[in-house]
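Working notes, beginning with the structure itself.
Count residues from 1 along the sequence. This one's a predicted model, so the numbers in the text were calculated from it and none came from an experiment.
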Amino acid sequence: MNDILQGMARAARLVVTLDADLVEITALSLQVSLGAAVIASAIGLPLGAWLAINRFPARRVVIAVLNALMGLPPVVVGLIVYVLFSRSGPLGALGLLFTPTVMVIAQVIIITPIVASVSHQAIRELWADYHDLLISLKANRLQRIVTLLWDGRRALMTASLAGFGRGVGEVGAIMIVGGNIDHATRVLTTAIALETGKGAFDMALALGFVLIGLAISVNLALHFLSRTERGSRW
């Protein structure tokens, strides 16, 4: 209990004083996770909508695999990405290993199935309501997808936020491909792991509280900006 109280006090002190290391680590965490969430949403939302409105022989198998990939082990993703971008790997010439870019790539792989699966569930219900109307208007597949994504944008924001939440709390893959290099690839989750390993539990808890605060702040900001909960809709 004492460690928790000390962690909360230290977290407050670091935030109030705008500790330089904390600001740098938090900014990188936000950059990597938000970037990955945006890219994953650009891929996953249209994919989920496409699966909702199309019928093809292997559709059930594809959906089942997509749902299964929601539980993709991050350390396995990190290992695969590491091998691909290592010096002896096929993409090693790009020199992206141990950079924020490859951290974003790893998070995109982890997040995309989550965004696509959640958006598929939301769009499937919306498609049941819009099916007859869009068919009668002779809308093509692209127009159907765009219409469903636009009209379901507030519900689909949940899918993107779920992806962001998964990404910002990720440590396994990020540790492998980023290396937890100080002033280069150290983010909040890897810093927490480092401080815990050193036995600095108060600092680890302080970083943990900052991480929780960051996740909540981003969610509240997006809900406020998108006005998803207005007046009687709350």
Side-chain angles (χ1 to χ4, degrees), residues 32-86 89-92 94 96 101-177 219 222:
V32 170
S33 297
L34 272 182
V38 170
I39 296 172
S41 296
I43 299 171
L45 294 180
L47 176 60
W50 186 84
L51 286 173
I53 69 173
N54 284 282
R55 298 293 183 270
F56 51 93
R59 179 173 177 271
R60 292 182 181 275
V61 175
V62 172
I63 293 174
V65 171
L66 187 64
N67 291 335
L69 290 177
M70 291 177 67
L72 196 63
V75 289
V76 175
V77 173
L79 177 60
I80 293 173
V81 174
Y82 182 93
V83 171
L84 289 174
F85 287 92
S86 65
L91 301 176
L94 298 176
L96 295 178
T101 301
V102 79
M103 294 162 65
V104 172
I105 293 172
Q107 283 201 7
V108 168
I109 296 173
I110 295 171
I111 294 173
T112 299
I114 298 174
V115 176
S117 184
V118 175
S119 64
H120 166 256
Q121 297 296 327
I123 293 295
R124 186 173 63 179
E125 296 178 3
L126 196 61
W127 174 236
D129 297 330
Y130 279 67
H131 178 272
D132 293 340
L133 175 62
L134 292 176
I135 294 297
S136 66
L137 293 175
K138 297 182 180 180
N140 58 39
R141 290 182 179 178
L142 179 58
Q143 291 172 329
R144 296 173 192 176
I145 291 174
V146 171
T147 300
L148 292 171
L149 288 175
W150 176 253
D151 284 2
R153 60 191 180 281
R154 290 192 174 91
L156 293 175
M157 189 177 67
T158 301
S160 297
L161 289 176
F164 170 76
R166 181 70 177 84
V168 78
E170 170 52 38
V171 60
I174 295 303
M175 185 77 79
I176 294 174
V177 302
N219 276 263
L222 289 177

Starting at [atom1] of [X], measure out to [atom2] of [Y] and round the result to the nearest 0.5 Å.
{"X": "Leu126", "Y": "Thr147", "atom1": "CG", "atom2": "OG1", "value": "10.0 Å"}
{"X": "Ile109", "Y": "Ile43", "atom1": "CD1", "atom2": "CD1", "value": "9.5 Å"}
{"X": "Arg166", "Y": "Leu72", "atom1": "CZ", "atom2": "CG", "value": "8.5 Å"}
{"X": "Thr101", "Y": "Leu94", "atom1": "OG1", "atom2": "CG", "value": "10.0 Å"}

- Query: What are the two closest heavy atoms between Pro46 and Ser41, and how far apart are they?
  - Reply: CD-O, 3.5 Å
- What is the minimum heavy-atom distance between Ala37 and Ile111, and which atoms define it?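 The pair with the smallest heavy-atom distance is N-CD1, 4.3 Å.
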With sequence neighbours excluded, what pairs up with [X] under the side-chain contact (heavy atoms from CB on, under 4.5 Å) test?
{"X": "Ala173", "value": "Pro74, Ala106, Ile110, Glu170"}
{"X": "Ile176", "value": "Val75, Tyr82"}
{"X": "Leu79", "value": "Val83"}
{"X": "Ala52", "value": "His120, Ile123, Arg124"}

- Test Gln107 against every option in Val102, Ile174, Val177, Val81 by the side chain to side chain contact (heavy atoms under 4.5 Å, CB included) rule and name the one that passes. Ile174
- Task: Determine whether Ile80 and Leu84 make a side-chain contact, defined as any pair of heavy atoms from C-beta on separated by less than 4.5 Å.
- Result: yes
- Query: Are Phe164 and Val115 side-chain neighbours, meaning at least one heavy-atom pair lies under 4.5 Å?
  - Reply: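 A side-chain contact is absent here, since even the closest heavy-atom pair is not under 4.5 Å.
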- Message: Does anything in residues 54-75 form a side-chain hydrogen bond (donor to acceptor under 3.5 Å, both in side chains)? List the pairs, not counting sequence neighbours.
- Response: Asn54-Arg141, Asn67-Ser117
- Message: Can you list everything that forms a salt bridge (charged side-chain N to carboxylate O under 4.0 Å, His left out) with Arg144? Sequence neighbours excluded, please.
- Response: none
- Message: Does atom CD (Gln121) have a neighbourhood of more than 12 heavy atoms from anything else shown, all under 6.0 Å?
- Response: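 Buried by this count: over 12 neighbours within 6.0 Å.
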